[in-house]
Amino acid sequence: MSFRQIVGHRRLKRLLARAVHTGTLPPSLVFAGPEGVGKQQMARALAMALNCLEPVSGAAGERDACGTCAACSRIARGLHPDVVVVRRADDKSGIVISQTRDLIRQVGYRPFEGRCRVVIIDDADELGSDSQDALLKTLEEPPTRNVFVLVTSRPNLLSTTVRSRCCVLRFAPLGAAEIADALVGAQGLSDADARAAAALSGGSFARAMGAGASERAQARAVAAAVLTEAVGTADVRARLAISAALLKSAGRKGKDTGKDAEKDRDGKGAGADRESVAARLRAMGSLLRDLAVLTTRAPETALVNLDLRADLEPLARQYDRDRISRAFSAVGRSLVALERHYASPKIVADWLVLQL
């Protein structure tokens with residue numbers, strides 16, 4: 001995938017393309033940002049631009065890969081000998097010291113066939129402290145014709161010394177409009193479906209691509225039900241009972257057994273699946289945004305969940321602007337706690353319903 005094929009991140013794409021063209025690319029980089037926003041794709045696009053046999057030059061002094069030559073094709077298929085991808089050995093351990101030592105030995109040799117060897121360390125936050133220490137000198141003074149790209153969604157887990165030896169590029173969540181446009185082109189979705197998927201993606205194109213229509217519909221239905229029930233009561237016990245809907249298993253059909261329901265409330269069963277809860281919270285944020293649109297009498301085209309307008313209008317009469325603002329802020333804080341700090345889904349859901 002070339003730079004021009006990556007969704008969003010125009011500034012970063014121009015920055016990297018110009019650095020490749022002028023030969024000023026730093027030899028050690030950190031690509032930091034949320035999961036699914038295109039960091040790994042950007043790393044591969046950089047590898048292509050550096051090794052493409054028929055590079056494309058832009059008008060602004062930029063260099064991109066053609067995407068079709070033998071080198072680009074092999075990089076895209078993961079078969080190029082000079083594009084090295086390092087991942088953790090298994091689910092139980094991070095990137096172990098033996099992998100790091102092998103890598104350091106490998107970069108001591110000249111690239112096999114490309115202009116430059118590109119080492120992509122995927123989920124670099126999985127590097128143990130010993131592995132990070134072992135890499136320090138290599139990152140500070142990489143051997144000639146070697147570029148390191150450390151890809152991470154948790155840059156704070158990299159040591160300060162590692163980060164100080166790298167140029168850190170920060171990837172922001174993608175805009176909903178960018179994701180929607182890409183979905184229409186990539187998956188042939190209707191404009192309405194693409195906008196709904198983008199609204200529930202949290203700025204992640206990978207998440208938007210992976211979510212099916214049934215999952216999106218289920219997440220929105222749960223979020224709408226919670227907002228509707230929460231507005232009708234201020235009783236703490238009743239509110240906490242409402243939070244069970246956010247935890248209930250997305251895949252379960254029919255009536256829960258007592259044992260399954262208890263697991264959902266404890267946050268230990270399938271209903272406590274972190275991604276399912278996060279999807280419902282993102283759906284809730286999207287609905288709250290539409291409630292704000294309805295209260296301001298903005299044009300109908302501004303609604304993300306246009307197909308739910310009839311259901312949202314009664315809610316808009318009960319949620320005033322201040323309440324919408326507080327609820328939207330609470331949803332955002334809940335998502336941060338869930339996705340970045342790995343808080344218990346049950347605790348997050350209970351806290352959230354008390355704020356609505």
Side-chain angles (χ1 to χ4, degrees), residues 34-35 173 176 196 198-204 207 211 215-250 256 261-296 298 302-305 308-309 311-356:
E35 292 184 3
L200 303 186
S201 69
S204 168
R207 187 181 291 130
E215 288 83 359
R216 292 196 295 269
Q218 205 262 1
R220 289 198 304 170
V222 170
V226 169
L227 287 174
T228 301
E229 293 183 35
V231 79
T233 180
D235 181 73
V236 171
R237 289 187 178 181
R239 288 287 188 94
L240 292 177
I242 293 169
S243 75
L246 291 171
L247 298 170
K248 192 176 296 182
S249 172
D256 288 328
E262 184 179 353
K263 281 186 177 181
D264 279 337
R265 290 296 305 150
D266 288 342
K268 297 177 182 177
D273 175 69
R274 192 173 298 274
E275 178 53 35
S276 293
V277 176
R280 291 161 187 171
L281 297 189
R282 289 190 291 269
M284 188 177 294
S286 139
L287 294 175
L288 286 166
R289 176 197 172 280
D290 281 353
L291 291 180
V293 170
L294 290 172
T295 60
T296 58
L303 292 173
V304 171
N305 303 281
L308 297 182
R309 177 166 187 166
D311 298 317
L312 293 176
E313 285 179 336
L315 269 180
R317 292 192 287 270
Q318 299 179 73
Y319 279 86
D320 58 34
R321 293 184 187 181
D322 288 341
R323 189 170 187 176
I324 292 172
S325 178
R326 290 196 304 271
F328 193 83
S329 175
V331 170
R333 292 174 64 185
S334 297
L335 277 169
V336 169
L338 196 66
E339 297 182 328
R340 297 186 191 174
H341 302 302
Y342 296 93
S344 159
K346 179 184 182 301
I347 292 175
V348 170
D350 285 350
W351 179 83
L352 175 60
V353 295
L354 295 176
Q355 311 306 311
L356 296 177

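As a basis for the values below, the full set of heavy atoms in this structure was taken, side chains included, without hydrogen atoms, waters or symmetry mates. This chain uses plain numbering: 1 for the first residue, then up along the sequence.
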*Asks:* Does L294 reach the side chain of R309, with side-chain heavy atoms less than 4.5 Å apart?
*Replies:* yes
*Asks:* Atom CG in L354, atom CD1 in I242: separation rounded to 0.5 Å?
*Replies:* 9.5 Å
*Asks:* Measure the shortest side-chain to side-chain distance between R280 and V226 over non-hydrogen atoms and say whether it is less than 4.5 angstrom.
*Replies:* no
*Asks:* Specify the closest pair of heavy atoms between L240 and S243, including all atoms of both residues, with the distance to one decimal.
*Replies:* O-OG, 2.8 Å
*Asks:* Between E229 and R239, is the side-chain contact (heavy atoms from CB on, under 4.5 Å) condition met? List the steps.
*Replies:* CA-CA 8 Å; E229 293 183 35; R239 288 287 188 94; over 6 Å; no
*Asks:* Give the intermediate values and the outcome of side-chain contact (heavy atoms from CB on, under 4.5 Å) for residues V231 and L356.
*Replies:* CA-CA 7 Å; V231 79; L356 296 177; over 6 Å; no
*Asks:* Just by distance, do the side chain of T296 and the backbone of V293 share a donor-acceptor pair under 3.5 Å?
*Replies:* yes
*Asks:* Please list all pairs meeting salt bridge (Lys or Arg N to Asp or Glu O under 4.0 Å) that have one or both residues in residues 314-338, counting only residues at least two apart or in different chains.
*Replies:* none
*Asks:* So how far is it from L288 CG to S325 OG, rounded to the nearest 0.5 Å?
*Replies:* 10.0 Å
*Asks:* Within a 6.0 Å radius of atom CD on E35, are there more than 12 heavy atoms belonging to other residues, nucleotides or ligands?
*Replies:* no
*Asks:* Pick from V277, V331, L335: which one makes a side chain to side chain contact (heavy atoms under 4.5 Å, CB included) with R282?
*Replies:* L335
*Asks:* Any side-chain heavy atom of D290 sitting closer than 4.5 Å to one from L308?
*Replies:* no
*Asks:* Report the distance from atom CG of L315 to atom CG of L312, rounding to the nearest 0.5 Å.
*Replies:* 6.5 Å
*Asks:* Determine yes or no for a side-chain-to-main-chain donor-acceptor pair under 3.5 angstrom, with Y319 supplying the side chain and L227 the backbone.
*Replies:* yes
*Asks:* Can you name the nearest heavy-atom pair linking P34 to P173, along with the distance?
*Replies:* CG-CG, 3.9 Å
*Asks:* Enter the distance from E275:CD to L338:CG here, rounded to the nearest 0.5 Å.
*Replies:* 8.5 Å
*Asks:* Between A343 and V348, what is the shortest heavy-atom contact and its length?
*Replies:* CB-CG2, 3.8 Å
*Asks:* How far does CG of D350 sit from OG of S334, to the nearest 0.5 angstrom?
*Replies:* 10.5 Å
*Asks:* At their closest point, which heavy atom of T233 faces which heavy atom of A238, and how far apart are they?
*Replies:* OG1-CB, 3.8 Å
*Asks:* Would you give the length of the straight line joining atom CG of L352 to atom CG of L246, rounded to the nearest 0.5 angstrom?
*Replies:* 6.5 Å
